[in-house]
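Taking it in order: structure first as structure tokens, then the write-up.
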Amino acid sequence: MKIRSVLSALALVLGALFAPGFGVFSSATDAQAATKITHATATSMFNSSGISWVSSGGCSNRNNASCTSFDQLNLDTAKGAQTLKSATGCALTITGGTETGHASGTYSHWNGYKLDFSRTTCVTNYIKNTFAYIGVRGDGAPQWKSGSGNVYADEGNHWDVTYYNCGGC
């Protein structure tokens, strides 16, 4: 009877360790579902970190391109913004979130992977002096890649950031 209990417990532990996208031994290529957060949760996180945001339309409706929305933002994306703020010490202002009107794709604004930030001297200097230049994007925007793999594209008047993870949070 005791052997059976020990074997059952061992099977549970091994199952957890090797579960795809979950266990300690899962690989970086395992697909993992992103945790989505609400606009209210994101704004609370940003407020607590001193990150501001603006909306040209003064609204947060995800279906209005004039708004800045964080509905359905990935939790790691919000944490990535917090990591950037903490690492740079710069004023950080979000100008684009998950609202409609951005380019489509798997790692898009709409799918919660991207945020746009105001282009300031402080933020620009940090990105260009800390991250690795990786060339230009298809639309001509120069890009830099952080050590954690997130990509920062200089779109001229703002930074378009793709968060694949929380940036070492």
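One finds the OG atom of Ser60 at 10.0 Å from the CD atom of Glu99 (value rounded to the nearest 0.5 Å). Taken to the nearest 0.5 Å, the OG1 atom of Thr162 stands 8.0 Å off from the CG atom of Asn150. Distance CG/Leu84 to SG/Cys90: 7.5 Å, rounded to 0.5 Å. Rounding to the nearest 0.5 Å gives a distance of 11.5 Å between OG of Ser104 and NE2 of His109.
In this structure, Val151 and Ile134 have side chains that are in contact, with non-hydrogen atoms separated by less than 4.5 Å. In this structure the side chain of Asn64 reaches within 4.5 angstrom of the side chain of Cys59, judged on heavy atoms. Within the 4.5 Å cutoff, the side chain of Arg119 has heavy atoms near those of the Asp154 side chain. Using a 4.5 Å heavy-atom cutoff, the side chains of His102 and Asp116 are in contact. Side-chain contact between Gln82 and Met45 is present, with at least one heavy-atom pair separated by less than 4.5 Å.
Relative orientation of the His39 and Trp53 rings is perpendicular, given thresholds of 30° and 60° on the angle between their planes.
Under a hydrophobic clustering in which Ile, Leu, Val, Met, Phe, Trp and Tyr are joined whenever their side-chain heavy atoms come within less than 4.5 Å, directly or via other members, Val136 and Ile127 fall into the same cluster. Cluster membership check: Leu115 does not share its hydrophobic cluster with Trp110, using side-chain heavy-atom separations under 4.5 Å among Ile, Leu, Val, Met, Phe, Trp and Tyr. Ile94 and Leu92 fall within the same hydrophobic cluster, defined by Ile, Leu, Val, Met, Phe, Trp and Tyr side-chain heavy atoms under 4.5 Å apart, directly or through other members.
Under the side-chain hydrogen bond (donor to acceptor under 3.5 Å, both in side chains) criterion, the residue pairs touching residues 120-135 are Thr124-Trp159, with sequence neighbours excluded. Applying the disulfide bond (SG atoms under 2.5 Å apart) test to every pair with at least one member in residues 129-169, sequence neighbours left out, gives these pairs: Cys166-Cys169. The list of side-chain hydrogen bond (donor to acceptor under 3.5 Å, both in side chains) pairs with a residue in residues 72-81, not counting sequence neighbours, reads Lys36-Asn74.
Using a distance-only test at 3.5 Å, with no hydrogens or angles considered, a donor-acceptor pair links the side chain of Thr98 to the main chain of Ser69. The backbone N or O of Ser148 sits less than 3.5 Å from a side-chain atom of Asn165, completing a donor-acceptor pair. In terms of modelled atom types and a separation under 3.5 Å, the side chain of Arg62 and the main chain of Cys67 share no donor-acceptor contact. Looking at Ser49, its side chain never comes within 3.5 Å of a backbone N or O of Ile51 through a donor-acceptor pair.
When the shell of 6.0 Å around NZ of Lys145 is examined, it contains 12 or fewer heavy atoms from other residues, nucleotides or ligands.
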Test side-chain contact (heavy atoms from CB on, under 4.5 Å) applied to Thr38 and Asp71, step by step: CA-CA 5 Å; Thr38 65; Asp71 278 329; 4.3 Å; yes
side-chain contact (heavy atoms from CB on, under 4.5 Å) evaluation trace for Ile37 with Phe70: CA-CA 8 Å; Ile37 59 175; Phe70 305 123; over 6 Å; no
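With sequence neighbours excluded, no residue satisfies side-chain hydrogen bond (donor to acceptor under 3.5 Å, both in side chains) with Ser56. Partners of Arg137 under the salt bridge (charged side-chain N to carboxylate O under 4.0 Å, His left out) rule, at least two apart in sequence or in another chain, are Asp139, Glu155, Asp160. For the side-chain hydrogen bond (donor to acceptor under 3.5 Å, both in side chains) test, no residue two or more places apart in sequence or in another chain qualifies with Ser86.
In terms of heavy-atom proximity, Thr68 sits nearest to Val54 at OG1-O, 2.7 Å. Closest of all the heavy-atom pairs between Tyr113 and Ala34 is OH-CB, 4.3 Å. The shortest non-hydrogen separation linking Ala153 to Gln143 is CB-CG, 4.1 Å. In terms of heavy-atom proximity, Leu73 sits nearest to Ala78 at CD2-CB, 3.9 Å.
Taking the centre of each ring, Phe117 and Tyr152 stay at or above the 6.0 Å mark. Between Tyr107 and Tyr164, the distance from one ring center to the other falls under 6.0 angstrom.
No donor-acceptor contact under 3.5 angstrom links the side chains of Ser44 and Thr41, judged on distance only.
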